[in-house]
Student: 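Have a look at this one.
Counting starts at 1 for both ligands and their atoms, in listed order. For this chain, numbers begin at 1 and follow the sequence in order.
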Amino acid sequence: MKTLIAGYQKFRREVWPHDKDHFEALAKGQKPHTLVISCSDSRVDPAAIFSVRAGELFVIRNVASVVPPYETYGGYHGVSAAIAFAVINLEVERIVVLGHEHCGGVAAAMARTESPTPFLSQWVSLLEPAIHTCSGGDPLAVECESIRLSLGRLMTFPFIAERVENGTLQLIGAHFKISDGTLSMLDPADQVFKRVGDTA
Ligand SMILES: [Zn+2]
């Protein structure tokens, strides 16, 4: 905990004096431009990758950046609730599904091992269609196909399909390589991930 306290004190000392006005404005309400659905993996931090300030991204993190199917029966649909809040209440302009290299959640789905509790194996079983599509067993291919799968599932949410069709919401797939810090984005024209240039 000492590390976290020291980090907080560094924030108060070095960041807060510069961002005080920014946070005071944010205290009146948030207006993030983008919803990012990312993995919980500690090595993949959307705010760091996209160099954004507080208030810019609404972030949902879960194991393997999974978008669950649109379901209307009662239950505790935490991911779907956050998606609905970002799209309907906050009116984000885009949704980025951010997968990554060496994803342990994707690896667990591919290994089909039973987890000590039902939570993990049941959750990552949502990636089965992506594993089925990538018969070669290449983890990178499954990571990328999982992103395509999640983007497809987003379109099964009626309030998302409606906004994509009228041009007020954009869906984007992205894959981050931890080993070299590069980002690739899904080209909707040919459904291939292509590396984003390092300069504008
Ligand atoms: Zn992951």
Student: Mind checking the CG-CZ spacing from D45 to F176? Nearest 0.5 Å is all I need.
Tutor: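 Going from the CG atom of D45 to the CZ atom of F176 covers 9.5 Å.
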Student: Apply the test side chain to side chain contact (heavy atoms under 4.5 Å, CB included) to residues I95 and L171: give CA-CA distance (whole Å), side-chain angles for both, the deciding distance (0.1 Å), then the verdict.
Tutor: CA-CA 5 Å; I95 303 176; L171 303 186; 3.8 Å; yes
Student: Okay, side chain of S65, backbone of L98: is any donor-acceptor separation there less than 3.5 Å?
Tutor: yes
Student: Only one of L90, V92, L35 clears side-chain contact (heavy atoms from CB on, under 4.5 Å) with F85; which?
Tutor: L90
Student: Which of these, E56, E91, E93, sits in a side-chain hydrogen bond (donor to acceptor under 3.5 Å, both in side chains) with H33?
Tutor: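 Single pass found, and it is E56.
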Student: Restricting to distances shorter than 2.8 Å, give the number of protein N, O or S atoms close to the Zn ion (ligand 1).
Tutor: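 Near the Zn ion (ligand 1), the number of protein N, O or S atoms below 2.8 Å is 3.
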Student: Would you please say whether a donor-acceptor pair under 3.5 Å links the side chains of R163 and T168?
Tutor: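 The criterion, which ignores hydrogens and geometry beyond distance, is not satisfied for T168 and R163.
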